[in-house]
Enquirer: 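Dropping the structure in here first, questions after.
Quantities reported herein were computed from a predicted structural model and do not represent experimental measurements. Counting convention: from 1, in listed order, for ligands and their atoms alike. Worth knowing before you read on, the calculation uses all heavy atoms, side chains too, and leaves out hydrogens, waters and symmetry mates.
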Amino acid sequence: MQILTELDIRDWLSPISAISQALAIKQLENGNILYMPKLSFSLLNEELPVLSTHISNHKAKNISFNSQNDQLHGVNHEDYDPTLIKNMMARFAKYAHTLINQVLPGYSKALQTGRTSYRPVEIYGRISKSYRKDDTRLHVDAFPSSPNQGRRILRVFTNINPHGKNRVWRYGEAFENVVNRFLPKIGNPWPGRSAILKKLGITKTYCTDYDYIMLNIHNKMKADMRYQKTAVQGEIEFAPGNTWIVQTDHVSHAALSGQFLLEQTFYLPVEAMNHPELSPLRILEAAKGRKLTL
Ligand code: SIN
Ligand code: FE
C-alpha cells in the first residue's frame, strides 16, 4: 500500500502549482499522508533551550497552545519564559495555516484552527495512564472531551529533533476495513446520554452519534492487542526537517518513538471536501443507513 504522497515544498510561504494542489487533495482525501521531506521549521537562537524535556511540567504529555485566546498549558513555568514558547508555537501555527492554504486552497474558507502542540517527551517507553491514551497503539483520532460532530481532523506535523532522531510511526489498514471490523461490535448510545455528558461538563460540546461511534472505534482498536499485532500495517520514519499532513480521523496510525515534534490541528466540515463521501462521517452514515450528527 502506498501511504506517502511526496510534495517538493521547501518553504512555508511559497505558492505551489495547481497540479500539485490537485494531486494533494485527491491523495489526502483518499487516506494518504502528504509528505514534505524538505520542509523544516527553524528555531531562533534564543528558542533553542526549548529542546529539552525539562520544558514540560510532566502533568500533560504535550505542551498545548491555543493561538485564538493565547492560552498555554503544560509548561514548566519556573524555568521557562512562557512568552518565548508562545512565540515559537504561534509562528509554527501561522506557517502551518499558510501551508494548508497553499496546498489545499479549497479548504481555506471553511478551515477552523485548533490547538498547536509541542511534544518534547520521548514516546518510546513512556507510560500512559490508560491504554486509551496510549498512542503507540494503532488508532484513528477521537477525543472523549472534545466531540467534533463529524468535522475532519487535519493535522500538520514537523519533526524538529536536533539530534537526528526520526519520528517513527506505524500506519494501519484502510478506514473502511477498520469500520467493517469494529462497527458491528458497537451498540447504540442510551437515549439522553449526550445531553447528560454535556451538562456534567464531561464533553465540551454535544456528543453526536458520530462522536460516540468514533470514540468507540478508537478505544476498541487500542484495546485489541491481537488486532494491534495482526492488522495489516507498515512503518514510516519521519526524519528531522520533515513535515507531513494527515487526516488523523481517517488514517489509522501509531507513534512508536521520537522526541521533539510540533503539531497543528485544524477542523474541517465535511461539506468543504472535494469528496465528502470519503469522510469517516459519510462512510459511517452509509454503513448505518442514517444521519449521525442530528
Ligand atoms: C498521535 O496522533 O497519535 C501521535 C502522533 C505523534 O505524536 O507523533
Ligand atoms: Fe493519534
Enquirer: Considering just N/O/S atoms, say which atom of His253 is closest to the Fe ion (ligand 2).
Expert: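 Atom name of the closest N, O or S in His253: NE2.
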Enquirer: Would Thr248 count as being in polar contact with ligand 1, using the rule that some N or O on each side must be under 3.5 angstrom apart?
Expert: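 N/O-N/O distance under 3.5 Å: no.
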Enquirer: If you count the atoms of ligand 1 from 1 in the order shown, which ones are under 4.0 Å from a heavy atom of Asp135?
Expert: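 Matching atoms, with element in brackets: 1 (C), 3 (O).
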Enquirer: If you take the nearest heavy atom of each of Gln259, Arg137, His139, Arg155, which one is closest to atom 3 (O) of ligand 1?
Expert: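 Ranked by closest heavy atom to atom 3 (O) of ligand 1, first place is His139.
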Enquirer: Is there side-chain contact between Asn166 and Phe238, with heavy atoms separated by less than 4.5 Å?
Expert: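 When only atoms from C-beta onward are counted, Phe238 and Asn166 do not touch, as no gap falls below 4.5 Å.
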Enquirer: Which of the atoms of ligand 1 are close to Arg119, meaning less than 4.0 Å from one of its heavy atoms?
Expert: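 In order of number, 4 (C), 5 (C), 6 (C), 7 (O).
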Enquirer: Output the atom name for the N/O/S atom of His139 with the smallest distance to the Fe ion (ligand 2).
Expert: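 Considering only N, O and S atoms, His139 comes nearest to the Fe ion (ligand 2) through NE2.
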Enquirer: Examine the side chains of His253 and Asp141 and answer whether a donor and an acceptor come within less than 3.5 Å of each other.
Expert: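 On atom types as modelled, these side chains qualify, holding a pair under 3.5 Å.
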Enquirer: Please confirm whether the backbone N or O of Ser40 pairs with a side-chain atom of Trp12, one donor and one acceptor, at under 3.5 Å?
Expert: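 Yes; at least one donor-acceptor contact below 3.5 Å.
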Enquirer: For Ala255, take its heavy atoms, then give the atoms of ligand 1 lying under 4.0 Å from any of them.
Expert: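 Counting from 1, the qualifying ligand atoms are 4 (C), 5 (C), 6 (C), 8 (O).
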Enquirer: Under 4.0 Å from a heavy atom of Leu261: which atoms of ligand 1 are those, numbered in the order shown and with their elements?
Expert: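 It comes down to these atoms of ligand 1: 6 (C), 7 (O), 8 (O).
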Enquirer: For atom CD of Glu78, decide whether the heavy atoms of other residues, nucleotides or ligands shown that lie under 6.0 angstrom number more than 12.
Expert: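 Counting neighbours around CD of Glu78, 12 or fewer heavy atoms of other residues, nucleotides or ligands fall under 6.0 Å, so no.
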Enquirer: Give the residue and atom name of whichever protein heavy atom lies nearest to atom 2 (O) of ligand 1, and the separation in Å to one decimal.
Expert: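 Nearest neighbour among protein heavy atoms for atom 2 (O) of ligand 1, to 0.1 Å: His253 NE2, 3.2 Å.
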Enquirer: Looking at Asp141, which of its N, O or S atoms is the nearest one to the Fe ion (ligand 2)?
Expert: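 In Asp141, the heteroatom (N, O or S) nearest the Fe ion (ligand 2) is OD1.
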Enquirer: Can you tell me how far OG1 of Thr158 sits from CG of Leu261, rounded to the nearest 0.5 angstrom?
Expert: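 The distance works out to 7.5 Å.
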Enquirer: Counting neighbours of NZ on Lys165 that are heavy atoms of other residues, nucleotides or ligands and sit closer than 6.0 Å, is the number greater than 12?
Expert: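 Atom NZ in Lys165 is packed in, count exceeds 12.
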Enquirer: I'd like to know if Glu263 contacts ligand 1, where contact means a heavy-atom distance under 4.0 Å to any ligand atom.
Expert: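 Per 4.0 Å heavy-atom rule, Glu263 does not contact ligand 1.
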Enquirer: Looking at the Fe ion (ligand 2), is there an N, O or S atom belonging to Asp135 that lies under 2.8 Å away from it?
Expert: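 Under 2.8 Å: Asp135 has no N, O or S contact with the Fe ion (ligand 2).
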Enquirer: Nearest heavy-atom pair of Ala195 and Tyr206: which atoms, and what distance?
Expert: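 Closest pair (atom of Ala195, atom of Tyr206, distance): N-CE1, 3.9 Å.
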Enquirer: Looking only at the side chains, is there a donor atom on one of Asn101 and Thr98 sitting less than 3.5 Å from an acceptor on the other?
Expert: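 Short answer, no.
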